[in-house]
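What's counted below: heavy atoms across the whole structure, side chains too, no hydrogens, waters or symmetry copies. Note that the coordinates shown come from a computational prediction; the quantities given were computed from them, not determined experimentally.
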Amino acid sequence: MESALPPRHVAIIMDGNRRWAKARGLPRLEGHRRGAEAVRATVRAAAEIGIEYLTLFAFSSENWRRPAEEVDDLMGLLRHYLRRELAELHRNDVRVRVVGDREGLARDIQALIQQAEETTRGNTRLDLIIAVNYGGQAEIVHAARRLAGQASRGEISAEDIDEDMIRAGLYAPDVPDPELLIRTSGEQRLSNFLLWQAAYAELVFDDVLWPDFDREALERALATYGCRDRRFGGHIG
């Protein structure tokens, strides 16, 4: 059964910046810079296509293990993106939201995130959700601790806990689950991304490296999604 409409929520694991640079004999930073350009193009395409929510995996909690120089480069690009792109995103009616452990980020980056979220809070064309210092397992632990605190204060009992209560403790509980999750660069794993939310997402793995991802690649993934039969475990066969 083909889907006539695009998914409301698309999530993307943006992978392949380093490999793109290595294949061209360029420094890693150039791969990340070109990746930032792909972000700009993808956000624009998603808004034009009619996608309502776009979640991008920008920096995982495991990425801190990378060489310090590369981490510094990535944080610098994040700063640059938030400063340079905010005006255009706001002008194009895009709401910016960031999910992840902000306490682990530099103070100036936290301030830039807060400014971006406050400036664009009323925008409605597209919700751009950027996962920074994010891990899916840590997000679920965050929700569990919230419930444990409520239980210890006598506000709830263990028997009260259900899926809706866990969801309420996630970083962005009001955002619908992604119907489509794309990973670039040919890797075929979730890498600790949206583990709760992606329970019934359609997965599309594309060999294209992230800096080369564009509207055509996005439309290709949407076409694959449109041919999927989304059954949600309702029947077999």
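Two residues are said to be in side-chain contact when any heavy atoms from C-beta on lie closer than 4.5 Å; Glu85 and His80 fail this criterion. Side chains of Arg97 and Asp174 form a contact here, defined as non-hydrogen atoms less than 4.5 Å apart.
Counted by atom type alone, Trp64 and Asn133 present one or more donor-acceptor pairs between their side chains at under 3.5 Å. Inspection of the Asn123 and His90 side chains reveals an N or O donor paired with an N or O acceptor under 3.5 Å.
Other residues, nucleotides and ligands contribute more than 12 heavy atoms inside 6.0 Å of the CZ atom of Arg79. More than 12 heavy atoms of other shown residues, nucleotides or ligands fall within 6.0 angstrom of atom CD in Glu62. By the 6.0 Å contact criterion, CZ on Arg107 is open, its count of non-hydrogen atoms from other residues, nucleotides or ligands being 12 or less. Other residues, nucleotides and ligands contribute over 12 non-hydrogen atoms within 6.0 Å of the CD atom of Glu155. Environment of CD in Glu187: crowded, with over 12 heavy atoms of neighbouring residues, nucleotides or ligands closer than 6.0 Å.
Interatomic distance, Leu147 CG to Ile156 CD1, rounded to the nearest 0.5 Å: 5.0 Å. Rounding to the nearest 0.5 angstrom, the gap separating the CZ atom in Arg44 from the OG1 atom in Thr42 is 9.5 Å. The line from CG of Asp162 to CZ of Arg167 is 11.0 Å long, rounded to the nearest 0.5 Å. Arg220 contributes atom CZ, which lies 4.5 Å from atom CG of Asp206 (distance to the nearest 0.5 angstrom). For the atom pair NE2 (His9) and CG (Leu181), the distance works out to 8.5 Å, reported to the nearest 0.5 Å. Of the inter-residue distances, the one linking Thr184 atom OG1 with Phe205 atom CZ reads 11.0 Å to the nearest 0.5 angstrom.
Tested against Val132, the residues Val99, Asp101, Leu105 include a single side-chain contact (heavy atoms from CB on, under 4.5 Å) partner, Leu105.
Arg8 contributes no side-chain N or O that, together with a main-chain N or O of Glu179, makes up a donor-acceptor pair within less than 3.5 Å. In terms of modelled atom types and a separation under 3.5 Å, the side chain of Asp93 and the main chain of Thr124 share a donor-acceptor contact.
Classification of Arg28 and Asp73 as a salt-bridged pair fails, no side-chain N sitting under 4.0 Å from a carboxylate O. Comment: Glu70 engages Arg18 in a salt bridge, judged by a side-chain N to carboxylate O separation of less than 4.0 angstrom. One finds no salt bridge joining Arg121 and Glu118 here, because no Lys/Arg side-chain nitrogen approaches an Asp/Glu carboxylate oxygen to under 4.0 Å.
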Task: CA sep, side-chain torsions, deciding dist, call: Glu30, Arg24, salt bridge (charged side-chain N to carboxylate O under 4.0 Å, His left out) - done: CA-CA 10 Å; Glu30 186 59 27; Arg24 290 159 176 78; over 6 Å; no
Task: Intermediate values then yes/no, salt bridge (charged side-chain N to carboxylate O under 4.0 Å, His left out), Arg215 and Glu219 - done: CA-CA 6 Å; Arg215 181 178 182 128; Glu219 290 179 340; 2.9 Å; yes
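Residues meeting the side-chain hydrogen bond (donor to acceptor under 3.5 Å, both in side chains) test with Ser185, sequence neighbours left out: Asp15, Arg19.
Note on ring orientation: taking the six-membered ring where Trp is involved, the planes of Tyr171 and Tyr134 are perpendicular (angle over 60°, cut-offs 30° and 60°).
Residue Leu54 comes nearest to Leu126 through the heavy atom pair N-CD1, 4.0 Å, listed as atom of the first residue, atom of the second, then distance.
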